[in-house]
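Before any comments, here is the structure.
First the proteins, then the strands, lettered A, B, ... as listed; each starts at 1.
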2 protein chains.
Amino acid sequence: MPQTPATLDAVQLGSYFALMDVAGLLRHAVEQQLRDDGDLSYVQFQLLARLALDSPTGSERMTDLADGVVYSRSGLTYQVGLLEKVGLVDRAPSVDDERSVTVTVTEAGRERVATVIPGHVEVVRQQLFAVLSQQETRALGELLAPVREHMRSAPPRSATTRRRR
Amino acid sequence: MPQTPATLDAVQLGSYFALMDVAGLLRHAVEQQLRDDGDLSYVQFQLLARLALDSPTGSERMTDLADGVVYSRSGLTYQVGLLEKVGLVDRAPSVDDERSVTVTVTEAGRERVATVIPGHVEVVRQQLFAVLSQQETRALGELLAPVREHMRSAPPRSATTRRRR
DNA sequence: AATAGGTGCTTCGAATTCGAAGCGATAATC
DNA sequence: GATTATCGCTTCGAATTCGAAGCACCTATT
């Protein structure tokens, strides 16, 4: 295999670091806005948004939520517990499988998402899209979409290709 | 201002989520490799790499380190403390300013970085660059570099543009 | 239909994270 | 040059995170 040197060239390094930095900075900015405007963590927002905006029924099983978000099961239990405590979601055993727990957004949960969205969008626009043209935005998405597919197909929690020591 | 609706179009949303997802998944993969191969967290690796590879002297002030990494001061104190405890860095008061602390990589620290780098590079290549052509890799970097500049210039920890409630 | 194994979620303890408050050291102002 | 503000770092407590272990339920094998 001649084409796999143990180095990243300068272009690759630059892209890699830029990606990680941008995501980190964006996440910080977004988290602060969510905290200020709606008293939500990024994860909580993701969960609520997924339930309120993506799910037709407003409900999902814990496992499906965990798979959507990049997140551990136990962490999910914790965050959903917090959301339930403040009345933004309900939790109930699934009808067809007693093990499963179905999480459902409450009306208050939907309202909270609606409250937070405008500021959220505004931050993302200012931080990320302010410096990207429409074409560049499209290009970015088209570059990253297949990468995401690729990464999701190779589960990150167990696959390091090989493990030494 | 007619060009600032409180919405992100589908293309923007897709790019935004793809970016956050990819970065999150990549970070997971990388953290696992670092843990397995060198018993380092991602932050610790960033710190060591910056000292060992980017700094001519192998030293930096705590504040400069914190600014380079996206990280809180107290978190930095904690992690540098861990690194010092295992002998990968030294910590000493600065000569010119008694308040400052100068952190320096030790020889062991340099070796640790060297140990971890090949696997690290391999993970990044497999997760990220396996699905990107050379041109695409370049394009990604060129898209993100100005974004990073923009974000760094507007400090994320204090600027939410405006805060309600 | 009994047993063995797999699934879905939670509990637990340890580690990591942050912001606020605190402490000396330095800089700025008068 | 004394006082006041600022800076650089650490300590502290609270919150969040994870993986491992545990528990209840479901599925497959016989």
Residues at least two apart in sequence or cross-chain that pass ring pair (Phe, Tyr, Trp, His ring centres under 6.0 Å) with B:Tyr42, listed by chain then number, are none
I need the full list of side-chain hydrogen bond (donor to acceptor under 3.5 Å, both in side chains) pairs touching residues 45-54 of chain B, with sequence neighbours left out, sorted by first then second residue.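 Matches after skipping sequence neighbours: B:Arg50-B:Glu60.
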Length of the line joining [X]:[atom1] and [N]:[atom2], which is rounded to integer Å:
X: A:Gln32; N: C:dT17; atom1: CD; atom2: P; value: 19 Å
X: B:Leu47; N: D:dC9; atom1: CG; atom2: P; value: 13 Å
X: B:His28; N: D:dT17; atom1: NE2; atom2: P; value: 10 Å
X: A:Tyr42; N: C:dT17; atom1: OH; atom2: C1'; value: 18 Å
X: A:Leu65; N: C:dG8; atom1: CG; atom2: C1'; value: 13 Å
X: A:Asp36; N: C:dG19; atom1: CG; atom2: C1'; value: 13 Å
X: B:Leu76; N: D:dT10; atom1: CG; atom2: C1'; value: 11 Å

Would you mind telling me which residue lines up with the more 5' stretch of DNA chain D, B:Thr77 or A:Glu31, judged by nearest nucleotide? B:Thr77
Among A:Glu149, A:Met151, A:His150, which residue satisfies the side-chain contact (heavy atoms from CB on, under 4.5 Å) criterion with A:Val147?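 Per the side-chain contact (heavy atoms from CB on, under 4.5 Å) rule, the option paired with A:Val147 is A:Met151, out of A:Glu149, A:Met151, A:His150.
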Is the shortest side-chain heavy-atom distance between [X] and [Y] below 4.5 Å?
X: A:Val105; Y: A:Leu47; result: no
X: A:Gln127; Y: A:Leu25; result: no
X: A:Val113; Y: A:Leu88; result: no
X: B:Glu111; Y: B:Thr106; result: no
X: B:Leu83; Y: B:Gln79; result: no

Side-chain donor or acceptor of A:Ser74 under 3.5 Å from a matching atom on the base of D:dG19?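 Such a pair exists between side chain and base.
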Sub-4.0 Å heavy-atom contacts from [range] onto DNA chain C, ordered by number:
range: residues 53-63 of chain A; answer: A:Arg61, A:Met62, A:Thr63
range: residues 93-103 of chain B; answer: B:Asp97, B:Glu98, B:Arg99
range: residues 78-89 of chain B; answer: B:Tyr78, B:Gln79, B:Leu82

I'd like to know if the side chain of [X] and the backbone of [Y] have a donor-acceptor N/O pair within less than 3.5 Å.
X: B:Arg110; Y: B:Ala52; answer: yes
X: A:Ser59; Y: A:Thr104; answer: no
X: A:Glu142; Y: A:Ala139; answer: no

Answer yes or no: is there an ion pair linking A:Arg61 with A:Asp97, defined by an N-O contact shorter than 4.0 Å?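 Judged by the 4.0 Å cut-off on N to carboxylate O distance, A:Arg61 and A:Asp97 do not form a salt bridge.
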Determine, for B:Arg27 against B:Glu31, whether the closest basic-nitrogen to carboxylate-oxygen distance falls under 4.0 angstrom. yes
Which nucleotide in D:dT11, C:dT17, D:dT16 has an atom nearest any side-chain atom of A:Arg35: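 Closest of the options to the side chain of A:Arg35: D:dT16.
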Are B:Thr102 and B:Ser94 linked by a side-chain donor-acceptor pair shorter than 3.5 Å? yes
Give a yes/no on whether any side-chain N or O of A:Arg73 is located under 4.0 angstrom from OP1 or OP2 of C:dT7. no
Five-pair end axes of the helix from C:dA1-D:dT30 to C:dC30-D:dG1 and the angle they enclose, rounded to 10°: 30°
